[in-house]
Amino acid sequence: MRPFAYLRPGSVAEAVRVSAERPEARFLGGGTNLVDLMKLGVESPGLLIDVSRLPLDRVVPTDDGGLRIGATVRNSDLAAHPVVRERYPALSQALLAGASGQLRNTATTGGNLLQRTRCLYFQDTSKPCNKRQPGSGCPAREGVHRDLAVLGHSPDCVATNPSDMAVALAALDATVHLRGPEGERAVPATEFHRLPGDNPDQDTVLRPGEMVVDVVLPPAPEGAASLYRKARDRASYAFALASVAAVLTVRDGRVAHASLAFGGLAHRPWRARAAEDVLRGAPATEETFARAADAELAAAEPLRDNGFKVALARNLAVGVLAELTDRADRSR
Amino acid sequence: MSHATQPLGAPVARREGREKVTGTARYAVEYHPAGRLHGRIVPATVARGRVTAVRTADALAVPGVHTVLTHENAPRLREPDDPVLAVLQNTRVPHRGWPVALVVADSLEAARAGAAAVRVEYESAGHDTVLTWDHPGMYTPEQANGGYPAVRERGDVEAALAAAPVTVDATYTLGGLHNHPMEPHASTARWADGHLTVHDSSQGSTTVRDSLAQAFGLGRDRVTVVSEHVGGGFGSKGTTRPQAVLAAMAARLTGRPVHIALPRRYMPALVGHRAPTIQRVRLGADRDGVLRAVSHEVATQTSRIKEFVEQAAVPARVMYASPHSRTTHRVVALDVPTPSWMRAPGEAPGMYALESAMDELACALGIDPVELRLRNEPAVEPDSGRPFSSRGLAGCLHEGARLFRWYDRDPQPAARQEGRWLLGTGTASATYPVLVSPSAASAHAAPDGSYTVRVNATDIGTGARTVIGQIAAAALGTPQENVRVEIGDSDLPPGSVAGGSSGTASWGSAVHHAATALARRLAEGGGVPPEGVTATADNEKEAAASPFARHAFGAHFAEVAVDTLTGEVRVRRMLGVFAAGRILNARTARSQFIGGMTMGLGMALTEGSTMDPLFGDYAEHDLASYHIPVCADVTDLQAHWIDEDDHHLNPMGSKGIGEIGIVGTAAALGNAVRHATGVRTRSLPITPDTLLPYL
């Protein structure tokens with residue numbers, strides 16, 4: 001780890017101002033990923049701006065019945081929040097499916113969104129990686145890539161986004177609120193992370209100096225239930241091979257509302273719009289769910305060793321939608 | 001002393017438990033001699049080639065960096081007793097991750113920054129790191145690990161297979177596995193008046209002392225190695241490791257104490273691992289399940305610098321009666337890290353293949369897998385013809401089947417479903433040889449009525465310190481609290497390595513004899529003089545070859561649930577029954593058994609090291625990507641044992657227990673997955689990518 005300066009700003013405004021002035025700075029939340037990357041030599045910020053004590057640690061209702069989640073709310077606290085558990089269960093489940101208890105106690109909402117891929121080449125400075133060192137190449141395409149992307153990858157990068165939480169946020173139509181030197185803006189969670197294209201070093205649409213200040217959930221759709229399910233190599237503390245977050249409303253046996261997002265398949269949480277188009281208004285049956293999943297996954301371009309993810313994602317989606325439908329039936 | 005004498009076998013708590021849970025037990029890098037420097041290895045980034053230049057100027061310019069050792073300036077070593085210790089002696093790079101320089105600095109941070117600043121240039125050639133069954137470089141070695149002959153044949157296997165009414169011919173493929181003990185390998189070395197002292201995280205400091213004495217050309221009396229507390233090893237610390245040599249070199253060159261703790265990321269290349277194996281098992285049987293032929297052929301890999309041959313076909317020489325048998329090992333040297341011991345080398349991978357094949361045979365015959373094994377119990381050890389000193393396999397199978405309620409099972413595969421889960425059960429046998437290595441011990445009586453036993457045993461978390469105290473106390477007829485135990489220092493009477501499940505038998509025999517001799521002298525009367533009374537002994541008798549075939553046995557039973565949507569396998573319950581002589585400490589023995597079973601669960605379902613053919617290294621460098629089982633994976637895990645009264649072992653009547661728990665576990669789980677789903681994967685670990693395509 002290289003020596004670095006440390007700043008604990010007194011306000012969001014100060015944090016943003018300093019960050020804009022110092023391109024070598026990084027915001028520090030819980031540090032559960034950034035500090036690891038510093039030890040590995042993947043990140044070597046000249047300045048850490050510790051935002052973890054800024055007054056962004058609250059979860060408050062919004063006027064329209066949604067929820068505003070501060071950027072420094074700890075993952076454990078968010079997962080346990082009664083409103084989250086009751087109205088946005090997929091978010092609570094996604095958080096609890098991630099990392100370990102110790103990490104969740106430390107990791108923040110903003111930091112979770114900004115965590116980097118766990119692609120083994122990205123983390124190994126003795127090997128090329130376009131995300132870490134633009135232009136150096138992507139060995140994952142031919143090398144070890146069982147865990148990597150099947151959707152939306154590019155010749156330059158086949159990394160996946162590792163966050164569980166972000167998948168639930170994508171399905172829940174959350175908005176990420178940013179503060180930068182030019183003021184505030186809001187970005188839909190589905191557009192916060194990018195596809196790699198030819199500049200995979202950029203994970204997100206964040207501009208220089210911008211920081212995540214909070215995440216806003218819209219009101220939960222009337223009668224909607226949500227669910228997150230993740231497949232992984234062991235029962236806990238493993239990244240998703242594939243995951244799915246779904247929000248579903250069924251009326252009179254038909255899908256009234258559905259939103260669906262996949263994790264572990266792409267460089268960003270993969271909002272499944274094509275699947276949703278199939279679902280909307282269609283009979284809430286396994287046949288529909290399978291057709292919807294297939295419509296989305298038709299775009300998949302698996303690599304040599306990760307083709308299983310397509311079937312896995314399909315099964316997860318069908319299973320989750322069927323379970324949500326069952327629950328809706330039972331609760332009637 | 002108010003404590004009562006407790007019989008051997010009592011569940012005595014660990015002597016050092018309080019120090020460990022309060023953090024006061026000191027490990028190898030927690031000794032902080034004044035002026036200590038930190039060493040950081042620079043690993044090779046090519047898999048095959050030569051170093052053409054090591055440019056150190058930038059590293060030396062890093063504040064706090066003292067020196068950079070390279071092949072050009074490092075102290076010359078005598079030929080070490082293990083080729084993996086010949087570090088910084090020449091320009092050759094035998095595999096990726098091999099040390100090509102060592103940066104020594106005031107602080108860990110400076111050493112790390114210095115290491116990042118060293119520029120190494122290579123002349124590299126194309127590397128070859130992928131094991132295949134018919135690799136052109138395959139050869140048959142003289143011996144496999146453990147000194148076993150590479151090839152054994154009885155009868156005419158091919159003819160017997162051709163004539164057998166029922167046959168199984170299956171090939172099982174296992175990738176590399178890494179030991180990954182919780183405490184990474186670490187050493188603190190210092191020289192004083194020509195005497196080298198090293199605090200080393202090892203499984204046997206007598207071994208490390210001998211290696212260092214050889215490498216540095218010193219008398220053994222000029223080297224002291226201390227391994228007081230060790231955070232696990234699983235075989236990877238059973239031989240001397242490069243960090244000990246590098247720390248001693250750096251300490252000699254700088255005149256300061258030097259400590260080196262390997263980062264987790266460097267371990268996959270530097271501290272050994274279980275080599276990949278490809279195993280073809282062919283079984284031929286009569287329709288009643290009696291075996292006519294057993295063929296177990298193993299292909300494995302080693303590195304370019306050392307021949308290590310995983311002895312995976314050896315357990316087939318022990319397990320089942322068969323008039324015709326062939327067990328063979330072939331190996332190819334590749335540009336890969338050097339494999340070594342990992343918990344139950346040979347038995348763990350070999351019994352996965354053999355016991356999976358036995359299950360396949362049971363399915364082919366329509367015979368219950370427990371019954372099939374019982375029908376092939378041998379009267380004598382099949383390969384050697386020697387009588388067994390005791391053989392508890394049948395008892396373990398019977399008792400395990402009863403405790404597990406095995407016979408409630410419908411043998412039909414894919415027949416039990418709960419929601420999206422398919423359920424199944426599986427069984428497999430376990431075996432591990434009784435090994436004993438030379439050790440010596442002393443026992444001392446003090447005038448105050450207390451005792452001290454001394455032996456260079458190593459407690460790698462097993463409870464060795466505790467059981468040694470129990471053995472001495474039993475021989476002396478005193479409460480174990482009245483016995484002080486000194487272990488973990490090469491200046492003590494020499495002890496063998498904590499490996500091969502041999503520690504308790506080896507050290508314990510010497511301790512028993514020393515304590516017994518002391519008790520006899522005390523019984524002669526005359527009281528204890530001020531300087532005390534000391535008796536010494538060794539275990540020459542126990543370490544000698546035995547006319548008996550001596551093995552521990554066991555039986556595993558497992559129930560799994562397989563998610564039909566995802567291919568995830570979750571273990572509902574596992575039960576092991578073991579016959580390992582007399583159990584000397586019920587508490588620590590249970591931990592050994594369930595620890596081994598947990599590691600077997602990892603081997604079966606979660607653990608795997610992926611050879612990256614592009615770079616020639618194992619891709620997983622941390623515990624986020626190398627998946628050892630976590631608590632959530634290990635739910636209902638039970639270990640039971642059947643005490644054996646075997647008089648052909650040692651004075652305590654014990655067999656080893658450290659490794660048998662991992663043997664057969666993976667087969668039992670794989671067999672359960674097959675019963676649950678009807679799918680036989682024949683490779684490990686069984687992860688969603690390997691299973692889902694067949695569901």
Side-chain angles (χ1 to χ4, degrees), chain A residues 1-3 33 36 38-41 44 99-101 103 118-121 123-128 137 139-147 162 229-244 305-320 322-323 326, chain B residues 42-46 62-63 96-97 108-110 112-113 115-116 263 265 419-420 563-571 601-602 605-608 610-615 617-635 685-693 695:
Chain A
M1 201 184 306
R2 307 287 170 79
N33 184 216
D36 283 354
M38 290 166 68
K39 290 180 181 172
L40 293 172
S44 44
S100 64
L103 289 167
R118 296 321 197 274
C119 173
L120 298 176
Y121 298 103
Q123 298 182 90
D124 186 343
T125 56
S126 74
K127 296 173 183 172
R141 185 166 270 284
E142 294 302 319
V144 177
H145 57 228
R146 185 200 69 142
D147 298 348
R229 188 173 293 160
K230 170 181 182 180
R232 45 185 152 177
D233 285 331
R234 59 183 168 190
S236 176
Y237 190 48
F239 293 97
L241 295 168
S243 70
V244 63
D305 294 331
N306 69 358
F308 75 100
K309 284 192 168 193
V310 178
L312 181 56
R314 178 186 194 271
N315 291 353
L316 283 169
V318 173
V320 161
E323 185 167 338
D326 272 0
Chain B
V42 178
T45 56
V46 299
V62 172
R96 204 174 202 274
L108 177 60
E109 291 74 15
R112 195 193 293 236
R265 304 181 67 74
R420 64 180 206 267
D563 187 327
T564 50
L565 294 181
T566 64
E568 292 170 294
V569 180
R570 298 291 179 251
V571 179
L601 187 162
L605 301 179
T606 63
E607 292 182 43
T610 313
M611 175 50 65
D612 180 349
L614 292 185
F615 295 94
D617 64 346
Y618 287 110
E620 296 83 3
H621 294 169
D622 56 39
L623 294 178
S625 52
Y626 187 88
H627 292 151
I628 60 167
V630 296
C631 291
D633 293 298
V634 185
T635 50
I686 305 171
T687 41
D689 53 314
T690 65
L691 192 55
L692 186 59
L695 293 179

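As the structure is a computational prediction, the values presented were derived from the model and not from experiment. In what follows, chains carry the letters A, B, and so on, assigned in the order in which the sequence lines appear, proteins first and then strands, with residues in each chain numbered from 1.
A distance of 8.5 Å separates CG of B:D689 from CG of A:D305, quoted to the nearest 0.5 Å. To the nearest 0.5 Å, the span separating CG on A:L120 from OG1 on B:T610 amounts to 8.0 Å.
Heavy atoms only, all atoms of each residue included: A:V144 and B:A619 are closest at CG2-CB, 3.9 Å. Taking all atoms of both residues into account, the shortest heavy-atom contact from B:T45 to A:S126 is CG2-CB, 3.9 Å. A:G319 approaches B:L565 most closely through the heavy-atom pair CA-CD1, 3.8 Å. Across A:L241 and B:P688, no two heavy atoms sit closer than the pair CD1-CG, 3.6 Å. Heavy atoms only, all atoms of each residue included: A:G143 and B:D612 are closest at CA-OD1, 4.3 Å.
In this structure, the side chains of A:N315 and B:L692 come closer than 4.5 Å at one or more pairs of heavy atoms. Contact annotation: the side chain of A:F308 never approaches that of B:T687 to less than 4.5 Å [non-hydrogen atoms, C-beta and beyond]. Looking only at side-chain heavy atoms (C-beta outward), B:F615 and A:P128 come within less than 4.5 Å of each other. Side-chain contact between B:R265 and A:D124 is present, with at least one heavy-atom pair separated by less than 4.5 Å.
Of the residues considered (B:I686, B:L108, B:V634, B:D617), B:D617 shows the highest number of contacts with chain A, using heavy-atom pairs under 4.5 Å. Counting heavy-atom pairs closer than 4.5 Å to chain B, the top-ranked of the candidates A:T125, A:L316, A:D233 is A:D233. Chain B forms the most heavy-atom pairs under 4.5 Å with one residue out of A:E142, A:R146, A:K127, A:Q123, and that residue is A:K127.
Heavy atoms closer than 4.5 Å to chain B are found nowhere in A:D147, neither backbone nor side chain. Looking at B:A116, the atoms closer than 4.5 Å to chain A (heavy atoms on both sides) all sit in the side chain, from C-beta outward. Neither the backbone nor the side chain of B:T690 comes within contact range of chain A; no heavy atoms are under 4.5 Å apart. Heavy atoms of B:S625 lying under 4.5 Å from chain A belong exclusively to its side chain. Of the two parts of A:L312, the backbone and the side chain both hold a non-hydrogen atom closer than 4.5 Å to a non-hydrogen atom of chain B. Residue A:R234 touches chain B through both its backbone and its side chain, counting heavy-atom pairs closer than 4.5 Å.
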Evaluation steps, side-chain contact (heavy atoms from CB on, under 4.5 Å), between A:R232 and B:H627: CA-CA 11 Å; A:R232 45 185 152 177; B:H627 292 151; over 6 Å; no

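For B:D633 (side chain) and A:A235 (main-chain N/O), a donor-acceptor pair under 3.5 Å exists by modelled atom type.
For B:Y626, the ring pair (Phe, Tyr, Trp, His ring centres under 6.0 Å) partners two or more places apart in sequence, or in a different chain, are B:H180.
B:D563 and A:R229 are not joined by a salt bridge, as no carboxylate oxygen comes within less than 4.0 angstrom of a charged side-chain nitrogen.
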